[in-house]
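This report refers to the structure that appears directly beneath it.
Heavy-atom basis, side chains included; hydrogens, waters and symmetry copies ignored.
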Amino acid sequence: MSGGRQPGAPVGAPLDAARGVAGAEDGGAPAPPPVRVVLADDQPLVRAALRMVMADTPDIEVAGEAGTGEEAVRLVARLAPDVVVMDIRMPGMDGIEATERITAQGGETHVVVLTTFDDDDYVYGALRAGAAGFLVKDMALDDILAAVRVVASGDALIAPGVTRRLIKEFAARPSPSAPAPAPLTAITGREREVLVLVGGGLSNAEIAERLVISVATAKTYLTRLLAKLGARDRVQLVIIAYEAGLVSPGR
């Protein structure tokens, strides 16, 4: 991870009180509650770096920390955080199994996998397990914070530089027990176009530009695709696009 801390409140400052004072002075509505995060990584230095930068970020707070997959699953069951930043390689239960157990609970917690470029085999499993996003450990801390916000809002995110390589390799190595691709007969031609672009790793803004529509309209198509295809999030739509043959390596 790289990047420094941005100016903000001192570490350990009473953020709720500070937000309340600011809201009173501005005469506006109180700020929304912060995104509650559990950090799951067996490296204390990684957790410390993330914890320090999040302590200076008013809209994100660390609800708990885990050094193993088992601890992460227990913390999520007890704390119900918005996001778990999950390492893949941990002793005992790894991040893939922990992700699968957390998503199987059916709660509102989203898991972001923290990976490195040589973790591909693990990441394919994490996709299947229901991870909502992928980050790389050499990303700037500000980018990691932005990703946490994106995933907490219900969207999915794959770090630039990982998207096409990761998904192409994933599509080339389907799990023997993988479910069959969702039927595409229920989607319209326009929705199919959007699904192809999602599979290519394009953002909502890029899809809107490519199809000459508004970003709001692009989001509407995404919402319809999620509902019609029974997909949990954008990552699953990418998987469906590849498994259905709409997108292929090199396309």
Side-chain angles (χ1 to χ4, degrees), residues 32-33 35 37 59-60 82-85 99 103 107-113 115 123-124 126-136 139-140 142-172 178-251:
V35 176
V37 177
D59 63 331
I60 299 176
D82 301 300
V83 176
V84 178
V85 178
T99 297
T103 57
E108 298 297 322
T109 299
H110 304 282
V111 178
V112 176
V113 170
T115 184
V123 176
Y124 309 141
L127 266 172
R128 299 278 185 196
F134 299 93
L135 307 180
V136 289
M139 286 177 67
D142 285 347
D143 290 337
I144 293 177
L145 295 178
V148 167
R149 296 184 184 102
V150 167
V151 172
S153 71
D155 206 343
L157 182 144
I158 303 177
V162 173
T163 308
R164 287 178 177 82
R165 169 176 173 264
L166 175 64
I167 300 300
K168 287 172 187 175
E169 288 293 327
F170 166 82
L184 302 181
T185 54
I187 68 175
T188 66
R190 193 58 149 177
E191 289 165 351
R192 190 183 184 93
E193 289 182 77
V194 172
L195 182 58
V196 170
L197 297 177
V198 171
L202 275 66
S203 67
N204 289 343
E206 290 168 334
I207 291 172
E209 182 178 1
R210 182 75 62 88
L211 298 180
V212 195
I213 57 178
S214 69
V215 174
T217 300
K219 290 180 178 178
T220 298
Y221 281 123
L222 261 292
T223 301
R224 291 176 183 170
L225 285 168
L226 290 170
K228 289 184 177 182
L229 299 179
R232 182 188 303 110
D233 52 36
R234 194 186 199 95
V235 172
Q236 288 199 334
L237 288 180
V238 173
I239 296 171
I240 289 170
Y242 272 85
E243 293 185 335
L246 298 183
V247 181
S248 59
R251 181 166 176 174

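- Looking at heavy atoms from C-beta onward, Leu135 lies out of side-chain contact with Asp143 at the 4.5 angstrom threshold.
- Contact annotation: the side chain of Ile213 approaches that of Arg190 to within less than 4.5 Å [non-hydrogen atoms, C-beta and beyond].
- Shown here is Arg210, whose CZ atom has no more than 12 heavy atoms of other residues, nucleotides or ligands within 6.0 Å.
- Of the inter-residue distances, the one linking Thr217 atom OG1 with Ile207 atom CD1 reads 12.0 Å to the nearest 0.5 angstrom.
- Here the straight-line distance linking atom CG of Leu237 with atom CG of Leu197 works out to 12.0 Å at 0.5 Å rounding.
- For the pair Val198/Val238, a side-chain contact is recorded, criterion being any heavy-atom separation below 4.5 Å from C-beta on.
- Residues Thr99 and Gly130 approach most closely at CG2-C, 4.2 Å, considering heavy atoms.
- Between the CG atom of Asp82 and the CD atom of Glu108 there is a distance of 9.0 Å, given to the nearest 0.5 Å.
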Trace of the side-chain contact (heavy atoms from CB on, under 4.5 Å) decision for Val112 with Val148: CA-CA 8 Å; Val112 176; Val148 167; 5.5 Å; no
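- The distance from the CD1 atom of Ile240 to the CD1 atom of Ile187 is 9.0 Å, given to the nearest 0.5 Å.
- Proximity of a side-chain donor or acceptor of Thr103 to a complementary backbone N or O of Ala131 within less than 3.5 Å is not detected.
- Side-chain contact between Glu191 and Leu195 is absent, with no heavy atoms from C-beta onward closer than 4.5 Å.
- Heavy-atom contacts from other residues, nucleotides or ligands closer than 6.0 Å to CD of Glu206 number more than 12.
- The side-chain heavy atoms of Thr188 and Lys228, taken from C-beta on, include a pair separated by under 4.5 Å.
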